[in-house]
Amino acid sequence: MPKLNPPKGTRDFYPDQMAWHQHLLDAWRRVSVRNGFEQVQGPVFETLELYKVKSGDGIVSELFSFRRANGKTDFALRPEFTPTLARMVAAKANSLPRPIKWFCTPNACRAERPQRGRLREFWQWNVDLLGLEGPGADAEVVFTLLDFLQEIGLKPDDAKVKLSHRDVVAQVLAGLGLEPERTDDAFKLLDARDKMEADAFAAQAAELGLDATAVERFTQVSGKTYAISDVAALTADLGLSEPPADLVALIDQLTAFGVADWCEIDLGIVRGLAYYTGTVFEVHETGGKSRALAGGGRYDKLIELFGGPAMPAVGFGMGDVVLTNLLEDKGLLPAELGDRPDAFVFATDDAGAARVAPVVAQLRRGQLHARMSYKTTRNVGKLLKDAEKARARFAVLVGGDQIQTKHLATSTQQTVSPDQLLAQLSPRPGAD
RNA sequence: GUGAUCGUAGCUCAGUUGGUUAGAGCACCGGGUUGUGAUCCCGGGGGUCGCGGGUUCGAAUCCCGUCGGUCACCCCA
């Protein structure tokens, strides 16, 4: 038998890792729900065709695609959730109450070589708000994202939402003399900016037909971030007579949601995707060079593209890999996340051994998380140590003639009758 | 797909110019100290040195190849 390794770029979740993974999924869900989003789910594979709608044939090499033996249909493991979401919304667009506020936390697979922050299988939190126009929807989605970052222990010093707006950037570029049909090329160049030498960037900008002054202004502005309160400086640097209305409206809404201190403006953010139509944003670690923690924006034409009615939409995705890396670096990964037992039951003498199973059964039927020792030793010290290691709230010492409970945090020990046991061990609000 | 770098026990590592049956600490498992979370003691499982060739009387050690991990490029929905 050859070595059976997990496939490249996938992870096995042993109990320790699974405890964190579940904690993360729970946090994503908790934050989504309190922000008014409903959970959805779709298939882990779709027809290959679905993934070509948005991304074209070029996407195929990045997918795990397959065909059944003797089958005629090509399928692919989902590389992202958005096509599924668009398909689901398009299919029932006219019967769904609006706005549509959905979230999900699916896994996704991409056939790329793994590296830091990117694996071949990952989990991604998707939050989408459809059927609602205007910057208020954009801001609510951004608020939800920030609500999570705060929930997980991050502060505005740790990470920032970099906001931009495609129309504003396009407007600025036009003002600098860019031909409208070259706007997409300019977006691509902006997206690649961080990985280019300054003069190479300037040279390519010049190729777009911008003159020297325009290139300089464009370079300067796209490489700079502005505090959300500093739109005046941005306006001046852009040489505009008044602040861009779209940006001002968005800022006003974010301020109303109380998250201005998390946000900054960075017109260099355009996102690679061609389908974004307005607001775009990414979350980055402050000062960090790692890839974006999350990214999203407005995609008002997408539902149409998938055969649905015209419907405005805004959303974002956040992967588990980069986030976990960041939290690990910052020491924010919580320790001891596993499920704590309410009781750890063991026998203190041979007569007690026969009574362990009934006690455990009673506790479990009473909704308690009860574990027991599988050891034959009657060494109470050792067994208590096991109870402690299991992080149980109570040890239950079962002897032939009595049952004792020991609250491990306080070392309070008392003898209880069998019919009192369940009530005594049941968690009370406010207690541990 | 391109490039760099690393592979000895679950983890961190040791292993002398190549030389008997490859070691330690921690972790894990069982037991003891006639028992209450410490300390201590005894015992145990676990490695074909990533894998495959080659050189050699002899390879964890030298050479070649390959696989895997990590990082960067491409791409990033």
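All of these numbers come straight from a predicted model, not from anything done at the bench. Throughout, protein chains are lettered first and strands after them, A, B, ... in sequence-line order, and every chain is numbered starting at 1.
- A donor N or O paired with an acceptor N or O is not found under 3.5 Å between the base of U36(B) and the side-chain atoms of Asn379(A).
- The same atom, C1', is picked in A27(B) and in G45(B); the two are 13 Å apart, to the nearest Å.
- Within the 4.0 angstrom heavy-atom criterion, no nucleotide atom of any strand lies near Leu383(A).
- Taking the nucleotide of RNA chain B with the nearest heavy atom to each of Cys109(A) and Arg116(A), the more 5' of the two is matched to Arg116(A).
- The base of C76(B) sits within donor-acceptor range of the side chain of Arg291(A), with an N or O pair under 3.5 Å.
- Put simply, the side chain of Arg118(A) and the base of C75(B) share a donor and an acceptor less than 3.5 Å apart.
- Counting distance only, with no hydrogens placed and no angle test, the side-chain atoms of Lys382(A) and the base atoms of G32(B) include a donor-acceptor pair under 3.5 Å.
- Here Gln115(A) does not reach the OP1 or OP2 of C71(B): none of its side-chain N or O atoms lies under 4.0 Å away.
- Take the nearest nucleotide of RNA chain B for Tyr374(A) and for Thr410(A): the residue whose nucleotide is more 5' is Tyr374(A).
- Gln414(A) has its CD atom 15 Å from the C1' atom of U36(B), to the nearest Å.
- U48(B) is unpaired under the Watson-Crick or G-U wobble criterion, no partner having all donor-acceptor distances under 3.5 Å.
- Here Arg378(A) lies in heavy-atom contact (under 4.0 Å) with a base.
- Salt bridge present: Arg298(A) and Asp300(A) bring a charged side-chain N and a carboxylate O closer than 4.0 Å.
- For U36(B), neither phosphate oxygen OP1 nor OP2 lies less than 4.0 angstrom from any side-chain nitrogen or oxygen of Lys385(A).
- Ring geometry for Phe394(A) against His407(A) counts as tilted: the plane angle lies between 30° and 60°, on a 0 to 90° scale.
- C13(B): Watson-Crick or G-U partner is G23(B), with both key distances under 3.5 Å.
- Of the C1' atoms belonging to C57(B) and G44(B), the separation is 38 Å, rounded to the nearest Å.
- Separating the CG atom of Asp386(A) from the P atom of A27(B) is a distance of 14 Å, rounded to the nearest angstrom.
- In this structure, CG of Leu408(A) is placed 12 Å from P of A38(B), rounded to the nearest angstrom.
- We find that NZ of Lys8(A) is positioned 13 Å from C1' of C71(B), with the value rounded to whole Å.
- Side-chain contact of Arg11(A) with Gln17(A): a donor-acceptor pair under 3.5 Å is absent, judged by distance alone.
- Rounded to whole Å, the separation between the P atoms of G46(B) and C63(B) comes to 33 Å.
- In this structure, Phe346(A) places its CZ atom 15 Å from P of G35(B), rounding to the nearest Å.
- Side chain to side chain, Glu46(A) and Thr84(A) meet the donor-acceptor criterion of an N or O pair below 3.5 Å.
- Across all strands shown, A60(B) forms no Watson-Crick or G-U wobble pair with both key distances under 3.5 Å.
- Glu282(A) has no carboxylate O lying under 4.0 Å from a charged side-chain N of Lys160(A), or vice versa, which leaves the two without a salt bridge.
- When Watson-Crick and G-U wobble pairs are counted only if both distances are under 3.5 Å, C71(B) pairs with G3(B).
- Atom C1' of U55(B) sits at a distance of 15 Å from the matching atom of G65(B), rounded to the whole Å.
- Here, U33(B) and C49(B) have their P atoms 41 Å apart, quoted to the whole Å.
- Taking side-chain N and O atoms only, Thr376(A) has no distance below 4.0 Å to OP1 or OP2 of G30(B).
- At a cut-off of 3.5 angstrom, counting only N and O atoms as typed in the model, there is no donor on one side facing an acceptor on the other between the side-chain of Arg113(A) and the base of U70(B).
- Residue-level contact check: Lys375(A) touches the backbone only, with heavy atoms under 4.0 Å from sugar-phosphate atoms and none from bases.
- Thr377(A) and Asn379(A) share no side-chain donor-acceptor pair at under 3.5 Å.
- Thr377(A) comes within 4.0 angstrom of the backbone, heavy atoms only, and of no base.
- Between Glu264(A) and Lys162(A) there is a salt bridge, since a side-chain N of the basic residue sits under 4.0 Å from a carboxylate O of the acidic one.
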